[in-house]
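Heads up: the structure comes next, in structure tokens.
Below, chain A is the first sequence line, B the second, and so on; all start at residue 1.
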Amino acid sequence: MTVMNMVEALNSALKNEMQSDKTVLVLGEDVGVDGGVFRVTNNLLKQFGPERVFDTPLAESGIVGTSIGLSVNGFKPVAEIQFDGFVHPAFDQLISHASRIRNRSRGRFSCPLVVRSPYGGGIKALEHHSEAMETVYVHTPGLKVVIPSSPYNAKGLLISAIRDPDPVIFLEPKKVYRAIKEEVPEKSYTIPLGKANIVQEGSDLTIISFGSMIKTCKEALEQINYSIELIDLQTLYPLDTETIINSVQKTGRCVIVHEAPKTAGIGAEIIARINEKALLSLEAPVERVTGFDTIIPLGKREDDYLPNIKRIKKAVEKVMNF
Amino acid sequence: MQKTIAKFEVSYLQILDETGKIDSNLMPKLSNDDIKKLYELMVITRIADDKALKLQRQGRIGTYAESKGQEASQVGSAYALKKEDFVFPSFRELGMFVTRNFPLEQYYQYFGWDERGNKIPENQNIFPIAIPVGTQTIHAVGFALGIKLKKEKKTVITYFGDGATSEGDFHEAMNFAGVFQLPLVFLCQNNQYAISVPRSLQSHSETLAQKAIAYGFDGIQVDGNDIFAVYKATSEALEKARQGKGPTLIECLTYRMGNHTTADDASRYRTEKEVKEWQKKDPIDRLKKYMQAKKLWSESYEKEITKKAEELVNKAVEKAESLGIPPVEDMFKYMFKEMPPELKEQLEELKNE
């Protein structure tokens, strides 16, 4: 075991997978010599050489489109999109192609690529560097969507994503990149996709969240006197409905926390599933603590946008006192 | 049968060399006052840029993209514009903003985490800074098409870097501009790096200028650290555009002396030696040498304009820092002309926290 931050844990995952599977490639903007702008791919070029780790021209559609071709040809590309806000030129490739190759070819071809990208707000960055776009991917049939919350689950989830036979969008909360350090095994291990993690068990209320908001929720829990069950979704598609429903049936109360805009956010889907499978267990309407239906502001107002301890506490009180 | 059906050439323009000597046959018409003005604009740009870097290091502004080394490309091209011409910039255009007399305090305000800084004053024809790479080039196309449809005599210039020439949007913009024969200048600042990726790995083309040929219009490469060459090439391209003779791509060969942004460490991917070589080609030093020989420059002049530039910059910073934080309503107010009910509700929620 070594103490790692999320950047180091992701780097370790890439190293493990590249060592054990020669078909794993890393490509993207500045992933080679520079080691990625957040250094997730640091030293991989040195260790694995320019045929397995390479910088591409500055073209996101090119990066994802090329990864599709590589994956159809037997490779496992792990493509980096430098910032979440820069992925959009690649949407045609992701939405019209990566997600559909298996279905379109009736299983003749598949597209086991991973697109990694720093995700979400909280570091007072420039415009287009703080978006939370997960719902768009979740709403695209054929894509799996993974968002880790800590160094430990980041590594295990990334290894699973690379081994997965289908395209996986892997969103790395940049606020957490260096904010949490914990023990992470240097050897390879997996955390299954499609499974949520119960971070803390409780009986009064369920909080469902993921990504950087897990840290915010944990901080809020220190100030909350109820018995809270905290669920870290880890994978947003496929969604672990079973864990959600079991928990809500037990507690009867639920708050969902995510930094993406409220309207049509993943919170809405979770509420729909609770309505379908656990409506009669509810003691109160489910509350959402989310970003607003606005562009995430630049640094001076960013904290007003992102869910915070105060808003989480308020939502918990509202649900408990319904 | 097999025969050659097309042949192409790409020209390179340099007027002011590294030693400060000019090729007088190529020298554009510029008065001594113009030359001094160009020099002063570059000095202001460099001082303002240095200041931004210092402010970032002190935590007073956020991530900042330096312009150092690219002053001639930015100032020389912007100086060729008429007031009515429209600019579609990227995120590294301080010299253009300075030349167009954009309120400097807004520049610091924008990089100081405040959207209000990107609100271009009503009387200035500049589109807000585009952070995604190359996307502005296609907006410039649409604006230029509008000018053509309205039969106006205005032109449009769009700024971008070497990295942007790899993006699909850039190629679509070039193609549209050629097909529609638009009054548009594509001003590429080839500063040799897209973050860590060198120009040689960005495109296998010998020049970026030659990309214009594929789209059916002229491309020229100029010494981007030679303000006279940049000014001349841009003036001619704008004039051509004004006469309805279509777009031009200008590749300014220059160098990003600093990091990509304050979040970058260029020493990871380029050598000190290379940086020193480019230092010798500095755009400001070069013009200074020329002005010295022409007796347009003296120590006292340098002192005077430096002092003026510092005062201007310090005042702008002071003003920027006095503007406080934007009202919380601003987050919601500009999403739509009329605020939809769900946004009104969310705004109330936030205000009542």
Which atom of B:Phe102 lies closest to which atom of B:Pro121, heavy atoms considered: CE1-CD, 3.7 Å
Distance col, row B:Leu187:CG vs B:Phe160:CZ, nearest 0.5 angstrom, shows 7.5 Å
Heavy-atom pairs under 4.5 Å with chain B are the metric here; pick the option from A:Gly35, A:Gly62, A:Gly32, A:Pro57 that has the most. A:Pro57
CZ on A:Phe48 to CG on A:Leu14, rounded to 0.5 Å: 9.0 Å
At a heavy-atom separation under 4.5 Å, does B:Leu201 approach chain A through its side chain, its backbone, both, or neither? backbone
Distance from A:Ile309 atom CD1 to A:Leu221 atom CG, nearest 0.5 Å? 9.5 Å
Check: A:Val289 and A:Val255 side chains under 4.5 Å, non-hydrogen atoms: yes
Distance check, rounded to the nearest 0.5 Å: B:Ser73 atom OG versus B:Met96 atom CE? 13.0 Å
Hey, what do you get for CD1 (B:Ile213) to CG (B:Leu249), rounding to the nearest 0.5 Å? 9.5 Å
Rounded at 0.5 Å granularity, tell me how far CZ in B:Phe332 sits from CG in B:Leu350. 5.0 Å
Residues A:Ala125 and A:Leu298: closest non-hydrogen pair is O-CD2, 3.9 Å
Between chain B and chain A, identify all donor-acceptor pairs below 3.5 angstrom, including backbone and side-chain atoms.
{"from": "B:Trp113", "atom 1": "O", "to": "A:Lys300", "atom 2": "N", "distance (Å)": "3.2"}
{"from": "B:Trp113", "atom 1": "NE1", "to": "A:Lys124", "atom 2": "O", "distance (Å)": "3.2"}
{"from": "B:Glu115", "atom 1": "OE2", "to": "A:Leu298", "atom 2": "N", "distance (Å)": "2.6"}
{"from": "B:Ser196", "atom 1": "N", "to": "A:Asp30", "atom 2": "OD1", "distance (Å)": "2.7"}
{"from": "B:Ser196", "atom 1": "OG", "to": "A:Asp30", "atom 2": "OD1", "distance (Å)": "2.6"}
{"from": "B:Gln202", "atom 1": "OE1", "to": "A:Leu58", "atom 2": "N", "distance (Å)": "2.7"}
{"from": "B:Arg268", "atom 1": "NE", "to": "A:Asp34", "atom 2": "O", "distance (Å)": "3.2"}
{"from": "B:Arg268", "atom 1": "NE", "to": "A:Asp34", "atom 2": "OD1", "distance (Å)": "3.4"}
{"from": "B:Arg268", "atom 1": "NH2", "to": "A:Asp34", "atom 2": "O", "distance (Å)": "2.9"}
{"from": "B:Arg268", "atom 1": "NH2", "to": "A:Asn42", "atom 2": "OD1", "distance (Å)": "2.9"}
{"from": "B:Gly324", "atom 1": "O", "to": "A:Lys300", "atom 2": "NZ", "distance (Å)": "3.1"}
{"from": "B:Pro326", "atom 1": "O", "to": "A:Arg301", "atom 2": "NE", "distance (Å)": "2.7"}
{"from": "B:Pro326", "atom 1": "O", "to": "A:Arg301", "atom 2": "NH2", "distance (Å)": "3.0"}
{"from": "B:Gln346", "atom 1": "OE1", "to": "A:Asp293", "atom 2": "N", "distance (Å)": "2.7"}
{"from": "B:Gln346", "atom 1": "NE2", "to": "A:Asp293", "atom 2": "OD1", "distance (Å)": "3.4"}
{"from": "B:Gln346", "atom 1": "NE2", "to": "A:Asp293", "atom 2": "OD2", "distance (Å)": "3.3"}
{"from": "B:Glu353", "atom 1": "OE2", "to": "A:Arg311", "atom 2": "NE", "distance (Å)": "3.2"}

Is the gap between the ring centers of B:Tyr159 and B:Phe127 under 6.0 Å? no
B:Met331 portion near chain A, given a 4.5 angstrom heavy-atom threshold: both
Can you tell which part of A:Phe86 gets under 4.5 Å to a heavy atom of chain B, answering side chain, backbone, both or neither? side chain
Mind ranking B:Gly62, B:Ala194, B:Gly168, B:Pro326 by heavy-atom pairs under 4.5 Å with chain A and telling me who comes out on top? B:Pro326
Which atoms of A:Leu126 approach chain B - backbone, side chain, both or neither, heavy atom under 4.5 Å: side chain
Can you tell which part of B:Pro327 gets under 4.5 Å to a heavy atom of chain A, answering side chain, backbone, both or neither? backbone
Please flag which part of B:Val197 lies under 4.5 Å from any non-hydrogen atom of chain A: side chain, backbone, both or neither. both
